[in-house]
There are 2 protein chains.
Amino acid sequence: MTVAEVPWLTDEEQATWRAFSTVSRLVEGALDRQLVRDSGMSHAHYSILVALSESEGETARMGDLADFLQFSPSRMSHAVRRMEEAGWIERRRCSSDGRGQEAMLTPRGRETLERAAPGHVREVRRLFVDQIEPEERDQIRRISEMLLTRMVE
Amino acid sequence: MTVAEVPWLTDEEQATWRAFSTVSRLVEGALDRQLVRDSGMSHAHYSILVALSESEGETARMGDLADFLQFSPSRMSHAVRRMEEAGWIERRRCSSDGRGQEAMLTPRGRETLERAAPGHVREVRRLFVDQIEPEERDQIRRISEMLLTRMVE
DNA sequence: TCACAATATTTGAGCATTCAAGCATCAGGA
DNA sequence: TCCTGATGCTTGAATGCTCAAATATTGTGA
């Protein structure tokens with residue numbers, strides 16, 4: 001496809017895209033830094049701890065975790081290895097499928113999550129949730145879920 | 001601050017936050033992959049090329065670039081070094097301030113940008129711009145710019 | 001039953017980003 | 001003029017993510 005065949009972005013489209021893209025990156029970066037600074041974990045690690053804590057038996061298959069969080073298998077594998085080294089997670093072979101692995105939250109992992117959560121939630125509120133009106137929240141949610149659906153399906 | 005003192009997220013707030021956060025990450029990741037695959041550059045590199053191409057004389061101070069794109073100085077420095085190695089950018093000492101550096105687009109950098117742009121714009125359209133109605137676009141823009149203002153000020 | 005493709009996950013290399021520290025230059029006051 | 005702190009940028013170490021390749025197990029059709 002040549003340049004001429006691509007409909008360029010209008011000024012409005014470009015301004016919207018740049019604002020959205022920049023704010024996403026800044027919010028994500030700020031959350032990451034807060035978690036690393038105060039709890040020694042990345043936002044990815046935090047999300048995995050949350051996902052496990054919400055799972056039946058605080059245990060989940062690697063693939064299910066990856067699907068739920070929309071992580072690549074490799075990202076999940078690297079992250080869980082780190083977290084196992086930190087003592088937050090244990091891995092064991094899946095009984096029903098020898099190829100699979102189950103990740104399980106350890107008591108220490110649960111404690112770590114519980115200590116990290118308040119500061120993280122406060123930051124999510126400060127940067128995002130408490131900045132937007134309920135009406136705006138509904139708009140963002142609707143649009144985000146629509147985009148997500150089309151990307152994931 | 002203890003757990004009890006942090007107002008937890010309601011289900012609605014949490015759903016909104018998770019959808020926004022996930023979709024931002026997926027869109028950013030998809031754009032990055034498209035650029036790496038088709039043009040051998042990251043989204044950060046692309047943004048720097050665009051910023052330079054829009055600058056007076058296709059030249060800009062490192063710090064101004066970093067401010068404009070909301071990059072950390074160190075991120076900008078590493079990125080520009082790589083791009084200089086690739087022959088897309090030249091760096092020279094700033095004449096008015098011996099501490100400063102000016103980054104300038106090379107002809108090869110401009111060509112690289114022009115070749116990369118159509119595919120990137122197409123992807124931005126496919127994943128974001130063309131998926132949302134004009135009304136939704138205005139909503140996203142307004143909210144994003146509001147959040148940005150409060151983060152950057 | 002056997003071969004072979006599909007699936008689940010891991011691994012290693014390479015690049016990007018962050019933080020902390022370092023270097024050079026500039027600006028302002030004694 | 002000199003000293004000192006601030007500024008602009010770079011550097012190196014540590015970590016995380018992506019891709020491609022590897023490993024192990026499972027399912028399937030002949």
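So you know, we letter chains A, B, ... as the sequences are listed, proteins then strands, and number each from 1.
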Could you state the [atom1]-[atom2] distance from [X] to [N], rounded to the nearest angstrom?
| X | N | atom1 | atom2 | answer |
| --- | --- | --- | --- | --- |
| B/Glu85 | C/dC15 | CD | C1' | 12 Å |
| B/Arg91 | D/dT11 | CZ | C1' | 11 Å |
| A/Leu26 | C/dT17 | CG | C1' | 14 Å |
| A/Gln101 | C/dT11 | CD | P | 9 Å |
| A/Asp32 | C/dT17 | CG | P | 13 Å |
| A/Met76 | C/dT9 | CE | P | 10 Å |
| A/Arg82 | D/dC17 | CZ | C1' | 11 Å |
| B/His45 | C/dC15 | NE2 | P | 11 Å |

Exercise. Using the six-membered ring wherever Trp is involved, compare the ring planes of B/His120 and B/Tyr46 and label them parallel, tilted or perpendicular (cut-offs 30° and 60°).
Key: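 Taking B/Tyr46 first and then B/His120, their aromatic rings sit tilted (interplane angle of 30° to 60°).
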Quiz item: Applying the 4.5 Å side-chain criterion to the ILVMFWY set and letting contacts propagate, would A/Met104 and A/Met83 be lumped into a single cluster?
Solution: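 Looking at the clustering, A/Met83 is in a separate group from A/Met104.
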Quiz item: Sequence neighbours excluded, which residues qualify as side-chain contact (heavy atoms from CB on, under 4.5 Å) partners of B/Ser53?
Solution: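 B/Ser53 satisfies side-chain contact (heavy atoms from CB on, under 4.5 Å) with B/Leu105, B/Leu113 once adjacent residues are dropped.
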Practice problem: Can you sort out the partners of B/Asp67 under side-chain contact (heavy atoms from CB on, under 4.5 Å), two or more places apart, ordered by chain and number? | Solution: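 B/Asp67: no side-chain contact (heavy atoms from CB on, under 4.5 Å) contacts found.
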Quiz item: Who pairs with B/Arg115 by salt bridge (Lys or Arg N to Asp or Glu O under 4.0 Å), at least two apart in sequence or on another chain?
Solution: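 In terms of salt bridge (Lys or Arg N to Asp or Glu O under 4.0 Å), with neighbours along the sequence ignored, B/Arg115 is linked to no residue.
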Practice problem: Under the salt bridge (Lys or Arg N to Asp or Glu O under 4.0 Å) rule, collect the residues that match up with A/Arg142, sequence neighbours excluded. | Solution: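 Testing A/Arg142 for salt bridge (Lys or Arg N to Asp or Glu O under 4.0 Å), a comparison that skips the adjacent residues, returns B/Glu136.
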Quiz item: Mapping A/Ser42 and B/Arg81 onto DNA chain D by nearest heavy atom, which one lands closer to the 5' end?
Solution: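 Result of the comparison: B/Arg81.
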Quiz prompt | Residue-phosphate contact under 4.0 Å: B/His43 side-chain N/O, C/dA16 OP1/OP2 | solution =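 False: B/His43 side-chain N/O out of range (4.0 Å or more) of C/dA16 OP1/OP2.
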Practice problem: Classify the nucleic acid contact of A/Ala44 as base, sugar-phosphate or nothing, counting any heavy atom under 4.0 Å across all strands shown. | Solution: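 Contact class for A/Ala44: sugar-phosphate only.
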Quiz prompt | Contact list for residues 80-96 of chain A, test salt bridge (Lys or Arg N to Asp or Glu O under 4.0 Å), sequence neighbours left out | solution =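 Every salt bridge (Lys or Arg N to Asp or Glu O under 4.0 Å) pair that includes a residue of residues 80-96 of chain A, provided the two are not neighbours, is A/Arg81-A/Glu85, A/Glu84-A/Arg91.
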Practice problem: Report the C-alpha distance between B/Glu58 and B/Ser55 in whole Å, list the side-chain angles of each, state the deciding distance to 0.1 Å, and finish with yes or no for side-chain contact (heavy atoms from CB on, under 4.5 Å). | Solution: CA-CA 5 Å; B/Glu58 295 187 331; B/Ser55 298; 5.9 Å; no
Quiz item: Tell me the side-chain hydrogen bond (donor to acceptor under 3.5 Å, both in side chains) pairs involving residues 96-107 of chain B, sequence neighbours left out?
Solution: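 Qualifying pairs: B/Asp97-B/Arg99.
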Self-check item: Contact pattern, 5' to 3', of nucleotides 22-29 of chain D - B, S or - by protein heavy atom under 4.0 Å
Solution: ---BS---
Quiz prompt | Any pair counted as ring-ring contact (aromatic ring centres under 6.0 Å, His included), so long as it reaches residues 52-105 of chain A, sequence neighbours left out | solution =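 Qualifying pairs: none.
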Quiz item: Toward the 5' end of DNA chain C, which comes first, B/Ala79 or A/Gly100, by nearest nucleotide?
Solution: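 Looking at the nearest nucleotide for each, A/Gly100 comes out on the 5' side.
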Quiz prompt | Electrostatic pair A/Glu133-A/Arg137, nearest N-O below 4.0 angstrom | solution =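 Answer for the salt bridge query: no.
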Quiz item: Looking at A/Arg126 and A/Glu123, does any basic side-chain N land under 4.0 Å from a carboxylate oxygen?
Solution: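 Judged by the 4.0 Å cut-off on N to carboxylate O distance, A/Arg126 and A/Glu123 do form a salt bridge.
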Quiz item: Just how large is the angle between the end axes of the helix from C/dT1-D/dA30 to C/dA30-D/dT1, five pairs per end, to 10 degrees?
Solution: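 The value is 10°.
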Please list every donor-acceptor pair under 3.5 Å in which a side-chain atom of residues 26-35 of chain B meets a protein atom from a residue at least two apart or in another chain.
from    : atom 1 : to      : atom 2 : distance (Å)
B/Glu28 : OE1    : B/His43 : ND1    : 3.1
B/Glu28 : OE2    : B/His43 : ND1    : 3.1
B/Asp32 : OD1    : B/His43 : N      : 2.7
B/Gln34 : NE2    : B/Asp38 : OD2    : 3.0

Every protein N/O within reach of nucleotides 18-22 of chain C N/O, cut-off under 3.5 Å:
from   : atom 1 : to      : atom 2 : distance (Å)
C/dT18 : OP2    : B/Ser72 : OG     : 3.2
C/dT18 : O4     : B/His78 : NE2    : 3.1
C/dC19 : N4     : B/Ser74 : OG     : 2.9

Quiz prompt | Residues touching DNA chain D, which here means a heavy atom under 4.0 Å, drawn from residues 46-64 of chain B | solution =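 Within this stretch, B/Arg61, B/Met62, B/Gly63 sit under 4.0 Å of the strand.
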Practice problem: Taking B/Thr59 for its side chain and B/Gly57 for its backbone only, find out whether a donor-acceptor pair lies under 3.5 Å. | Solution: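 Pair found, side chain donor or acceptor close to backbone of B/Gly57.
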